[in-house]
Amino acid sequence: MAATVTVRRWTGASGSITKTDVTSATSRASTSDAPSPGTSDPIPIPTSGTKYSYWLSARLSADTTPSGTINNLKWFSDGSNNYGTGVTCKGADASTGADGGYRQATGTQGDTGTQLTTGNHSGLDGAPADVFSFTSGSPKSLGGSISNPSTGDFGDHFVLQIEVGTTAGPGTLTGETYTFRYDET
Amino acid sequence: MSDEPYAPAVGDWVRLLRDLPDQLPVDTVFRVAVLNDDEDHPGKLVGLECSERWPMLHSCDEAVGEMRGWWSRPEHLEQVQL
């Protein structure tokens, strides 16, 4: 029988991390570390430069164990950036150091998050890239696996961040679909 | 029927097979308005123009009118003859 695997959004400080099930759900980016921010703390449109969302970290969880093994993890977008003019999204995998590479998002609440870079996020495995370059035909490979009889968190995190430039328009952005894929035996 | 993947050209009429704007009728026809290199413009490969304004649409970086644009990819499109 196939394992029950969910996508968990991680928020909060190390030692008291909240892991929210966002499988097939709309999960908003904001300028706060709230797990379900709704429309609070939107990302402002800057008068110059760039405003950033707080980092959004997601990782797979095996809520029931697989019969064999889950591996060959991939992450991808739909390949089309329909956030609108002046808005991009960058991301990278994270597995370095404590908490499987998770680091609590930081910034100035209600204004901007800290830019997602390898210098600012010590758990990242590489430099962030435009997430729309990761498609089903050319996905981002993630490390990690889980085998029977284990359950729980497994694999690399995928961490992303929305970037808003001066040419962006006001309002709620169109939702985009991001997908984890894996093999299971 | 050709097995060759569809290669859009500016001016073609197309229908979206995947990644439609929310609540937009599935039979909506778009005109191909912009073609970009994916390396220089990730996620902005094919810019489409809708004949009608729709709340979830944008301007494809001002290449088409406001609330008429949508970015897509060749593999998500089906060419139609009008």
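Just so we're clear, the structure is a prediction, and the values are computed from it rather than from any experiment. Every chain is numbered from 1, with letters handed out A, B, ... down the list of sequences.
Take F154(A) and apply the ring-ring contact (aromatic ring centres under 6.0 Å, His included) test, not counting sequence neighbours, and it matches no residue.
Taken to the nearest 0.5 Å, the OG1 atom of T108(A) stands 11.5 Å off from the CG atom of D41(A).
N82(A) and S80(A) share no donor-acceptor pair across their side chains, judged by distance under 3.5 Å alone. Between the side chains of S145(A) and T69(A), no donor-acceptor pair of N or O atoms lies under 3.5 Å. Side chains of T117(A) and N120(A): a donor-acceptor N/O pair is present below 3.5 angstrom, by distance only.
When each of H76(B), M56(B), E66(B), R73(B) is scored by its heavy-atom pairs under 4.5 Å with chain A, the top score falls to R73(B). Of the listed residues S77(A), G79(A), S133(A), the one with more heavy-atom pairs under 4.5 angstrom with chain B than any other is G79(A). Ranked by non-hydrogen atom pairs under 4.5 Å with chain B, the options V131(A), T88(A), D130(A) are led by D130(A).
Residue contact with chain A, scored on non-hydrogen atoms closer than 4.5 Å, is absent for D22(B). For T177(A), no part sits under 4.5 Å from any heavy atom of chain B, backbone or side chain.
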